[in-house]
Amino acid sequence: MSPEEKLKELGITLSDAPKPLGSYVPCVQTGNLLFLSGMLPLKDGKLIRTGKLGESVSIKEAQEDARQCVINALSVLKSHLGNLDKIKRCVKLNGYVASAPDFTEQPKVLNAASDLLFEIFGEAGRHARAAVGVYVLPLNSPVEIDFIFETV
Amino acid sequence: MSPEEKLKELGITLSDAPKPLGSYVPCVQTGNLLFLSGMLPLKDGKLIRTGKLGESVSIKEAQEDARQCVINALSVLKSHLGNLDKIKRCVKLNGYVASAPDFTEQPKVLNAASDLLFEIFGEAGRHARAAVGVYVLPLNSPVEIDFIFETV
Amino acid sequence: MSPEEKLKELGITLSDAPKPLGSYVPCVQTGNLLFLSGMLPLKDGKLIRTGKLGESVSIKEAQEDARQCVINALSVLKSHLGNLDKIKRCVKLNGYVASAPDFTEQPKVLNAASDLLFEIFGEAGRHARAAVGVYVLPLNSPVEIDFIFETV
């Protein structure tokens, strides 16, 4: 099953790529590497929620946020490449989780993003990953993820 | 207008590339990608200021810091490449902003860096970007930015 | 002296590559770039210690942690490449140091990682580096480092 078919099966619709919050672009291609900007869990132009893990945001909620970051990344890729079938591999993901000082389960939050990439792309969705807990994110978002993909 | 001419027009003089704060190098080239170390807003060997956004540092001040990080990156590139005209593209920028817990305008700070790159390089200065608010930076710097550039 | 011989001389034994804390992989190769996941200072499957710099963890302790992150990265590379002699260069290192609000010596912590890479690989071990102080890391680790290497 192609990534596009898999998305359909999962009931995920890609919308317009989210607009950057400044004078940069969502994606730059160099050779066959695609560097994506940090994706926030924006849906219809608004964050799904605000706040931090270990405070007002639960792991389950942040997992939904992490999935939305992936969906937004795929929207960016679709808009850049025309078709997700041109993706050869997800290479790297840096996940930033806005965290209270004693919240140490950043990997659990980001697994929702990693799992979704595996569901959609299979083995080609397996990536290297760094997970860190940060103090505060743009717009008070609970999660931000940036990505490196490889095209065919 | 070439990047070098543009810098002259903007009244920006590149000085010696800032010395690393340890046993690493300011820039590594692999293929035609240039990975730069995290740049601090050092000027004549000293931080322009210390502190955090949402506390002692204003957005306007931090924007000056962000511009200085770009100027330092260009000094590193000039020292590595000999001439900024050899830059094909700015690929990616990771901006770390030392932030008080309720400061969420990291993108506004980093726009000063993004705008300056666009001013100097035009469309080739447009990059992907991730912006995060971190707890504390080396030397108590308000801003740190690392960069990936592509050469011709 | 080859990297493998140098490790022997330093009395460093590579063990099995640490298992990812989720649905990602320790290393992805694209072209001749190797993107490694964020390495934690795990030893025999457990963190050497937990806590933050400027609180319960000293710079000297965190330097040991940073070295362990490098050793784990080399274990991952050895498992991926078969032999460390296939490494052409260490390209980039992002170091995240869990920090109290007034701890600003992240570079000193990460120098232990940079120095070890230089000891093992010589000039090929010199890399670009970004160092940031973050709020909290997975498992309450004091240090996390991710890496980009280049193969021959």
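Any value given below was found using the heavy atoms of this structure, including those in side chains, with hydrogens, waters and symmetry copies removed. Note on naming: letters A, B, ... go to the chains in the order of the sequence lines (proteins, then strands), and numbering restarts at 1 for each one.
- For the set B:V132, B:V134, B:I145, the count of heavy-atom pairs under 4.5 angstrom toward chain C peaks at B:V134.
- In this structure, the portion of C:A100 lying under 4.5 Å from any heavy atom of chain B is its backbone and not its side chain.
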Heavy-atom donor-acceptor pairs under 3.5 Å, chain C with chain B:
residue	atom	partner	partner atom	Å
C:K92	NZ	B:D146	OD2	2.5
C:T104	O	B:L139	N	3.1
C:N111	OD1	B:S23	N	3.4
C:D115	OD1	B:S23	OG	2.4
C:H127	O	B:V25	N	2.9
C:R129	N	B:S37	OG	2.8
C:R129	O	B:S37	OG	3.4
C:R129	O	B:G38	N	2.8
C:A131	N	B:E144	OE2	3.3
C:G133	N	B:V136	O	3.0
C:G133	O	B:Y135	N	3.3
C:G133	O	B:V136	N	3.4
C:E150	OE1	B:T30	OG1	3.4
C:E150	OE2	B:T30	OG1	3.4

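- For C:L110, no part sits under 4.5 Å from any heavy atom of chain B, backbone or side chain.
- With a 4.5 Å cut-off on non-hydrogen atoms, C:L33 touches chain B through its side chain but not through its backbone.
- Only the backbone of B:L36 comes within contact range of chain C, with at least one heavy atom under 4.5 Å from a heavy atom of that chain.
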